[in-house]
Amino acid sequence: MIIILGAMDSEIDEFLSRLEDRQEIHWNGFTQHHGQLEGQEVLVSKSGVGKVMSSMVTQHLIERWQPQAVIFTGLAGSLRPHIEIGDTLLACDLVQHDLESVALNLPRGQVPFSDYRFMPAHPVLLELAAGFQPANGRLHQGRICTGDQFITYREMNSHAYLTEELEGDGVEMEGASVALVCSVNRVPFLVARTISDRADEDAATNFEACLPQASRNSLDLVCYLLREMAQVDLSEN
Ligand code: ADE
């Protein structure tokens, strides 16, 4: 069983039309969709927006289904000129950019009193996904910074830490929290995002406009990954 998550309904809708033997499960106001995709048993769910909602849903689903892997898809803002709107960004690792305990002498993103800061994706999932050829745009690997803010005006000094201190390539609102929950539970995960904006003053408009194309791209990527995953045993890595 593989869990496929997106933050919003519009980020998972495209999957639902392709699910075979689909059954709905209702949990605390969330509708989760169980079925078959590319011959694999999957559970597709909205995670909700932000770190708290996505952590809560991920922990619940891991306990309920004990999945082989969690794949998170959806949209992200680009932090780099060469990563363009419509491109795909695979997270090599993820960090919570708004977790800040400098007063405790800890670097930004460090979960205090733990070893968690940059959480790496499962190497085999990353390698498999790296073979995906998007219908539009280019494929990149990089660091995703996650926080409970929709970032605009990132070129202001107040956001310089995203690229300078954290060396981030993309920004979004759920990836690192899902990564942390998966890491603690020792469940392989991958976060794959379509770039919707440049985290600048046009971000909100670009985000809305990009949703339909991003959803199709996420479906193509996840279907590709599921076919590739059928050939490997993740527990060996
Ligand atoms: N997801 C897509 N674009 C984003 C942005 N600019 N900030 C946070 N999350 C996003």
Side-chain angles (χ1 to χ4, degrees), residues 4-14 45-58 71-100 108-109 118-119 121 134 136-181 189-219 221-222:
I4 301 164
L5 297 172
M8 306 186 301
D9 283 325
S10 47
E11 288 171 301
I12 61 163
D13 277 351
E14 200 77 24
S45 178
K46 176 173 88 171
S47 70
V49 175
K51 296 194 299 175
V52 175
M53 291 291 250
S54 57
S55 309
M56 177 187 73
V57 169
T58 306
I71 305 169
F72 198 102
T73 67
L75 301 175
S78 170
L79 297 175
R80 302 285 177 188
H82 71 282
I83 304 180
E84 294 176 16
I85 294 177
D87 286 358
T88 305
L89 178 59
L90 304 175
C92 303
D93 62 14
L94 302 99
V95 60
Q96 298 182 73
H97 69 74
D98 56 354
L99 181 48
E100 191 268 301
R108 182 181 285 276
F118 298 115
M119 288 155 292
N136 297 295
R138 290 184 301 155
L139 186 72
H140 306 269
Q141 296 189 23
R143 172 166 294 156
I144 284 186
C145 298
T146 302
D148 282 323
Q149 297 86 24
F150 188 88
I151 303 285
T152 53
Y153 300 103
R154 74 170 164 82
E155 275 157 13
M156 282 164 54
N157 283 343
S158 54
H159 288 144
Y161 61 84
L162 289 169
T163 45
E164 290 173 13
E165 194 179 339
L166 295 176
E167 301 181 325
D169 298 297
V171 67
E172 39 84 309
M173 301 173 72
E174 298 83 19
S177 44
V178 172
L180 179 55
V181 171
F189 70 88
L190 182 75
V191 178
R193 297 281 198 169
T194 305
I195 298 300
S196 57
D197 62 88
R198 298 194 160 281
D200 58 10
E201 64 276 17
D202 298 324
T205 321
N206 291 341
F207 177 84
E208 297 285 341
C210 200
L211 266 169
Q213 186 221 318
S215 308
R216 281 191 297 278
N217 188 45
S218 298
L219 177 66
L221 188 148
V222 170

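We number each residue from 1, following the sequence as shown. Numbering of ligands and ligand atoms starts at 1, following listing order.
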_Suppose I only count heavy atoms of M173 and a 4.0 Å limit; which atoms of ligand 1 are within that range?_
8 (C), 9 (N)
_G77 neighbourhood, listing ligand 1 atoms whose heavy-atom distance to it stays under 4.0 Å_ = 2 (C), 3 (N), 4 (C)
_Using the side-chain contact (heavy atoms from CB on, under 4.5 Å) definition, which of the options P212, S218, S215 pairs with E14?_
S215
*Determine yes or no for a side-chain-to-main-chain donor-acceptor pair under 3.5 angstrom, with S78 supplying the side chain and R80 the backbone.*
yes
*When you measure from the side chain of R143 to the backbone N and O of V95, does any donor-acceptor pair fall under 3.5 Å?*
no
*S196 heavy atoms, cut-off 4.0 Å: which ligand 1 atoms fall inside?*
2 (C), 3 (N)
*Which ligand 1 atoms are under 4.0 Å away from a heavy-atom of A199?*
6 (N)
_Among all protein heavy atoms in this structure, tell me which lies nearest to atom 3 (N) of ligand 1, with the distance rounded to 0.1 Å._
D197 OD2, 2.5 Å
*List the closest protein heavy-atom neighbour of atom 7 (N) of ligand 1: residue, atom name, distance to the nearest 0.1 Å.*
I151 N, 2.8 Å
*State, with a plain yes or no, whether a side-chain heavy atom of F189 is found less than 4.5 Å away from one of L94.*
yes
_Residue that, paired with D98, satisfies side-chain contact (heavy atoms from CB on, under 4.5 Å) out of R108, Q149, M173_ = Q149
_Atoms in ligand 1 with a heavy atom of E172 nearer than 4.0 Å_ = 8 (C), 9 (N), 10 (C)
*State whether the shortest distance between N or O atoms of F150 and N or O atoms of ligand 1 falls below 3.5 angstrom.*
no
*Distance filter under 4.0 Å to A76 heavy atoms, resulting ligand 1 atoms*: 1 (N), 2 (C), 3 (N)
*Have H140 and D87 got a donor and an acceptor in their side chains that come within less than 3.5 Å?*
yes
*Are any of the side-chain heavy atoms of L180 and K51 separated by less than 4.5 Å?*
no
_I'd like to know if R198 contacts ligand 1, where contact means a heavy-atom distance under 4.0 Å to any ligand atom._
no
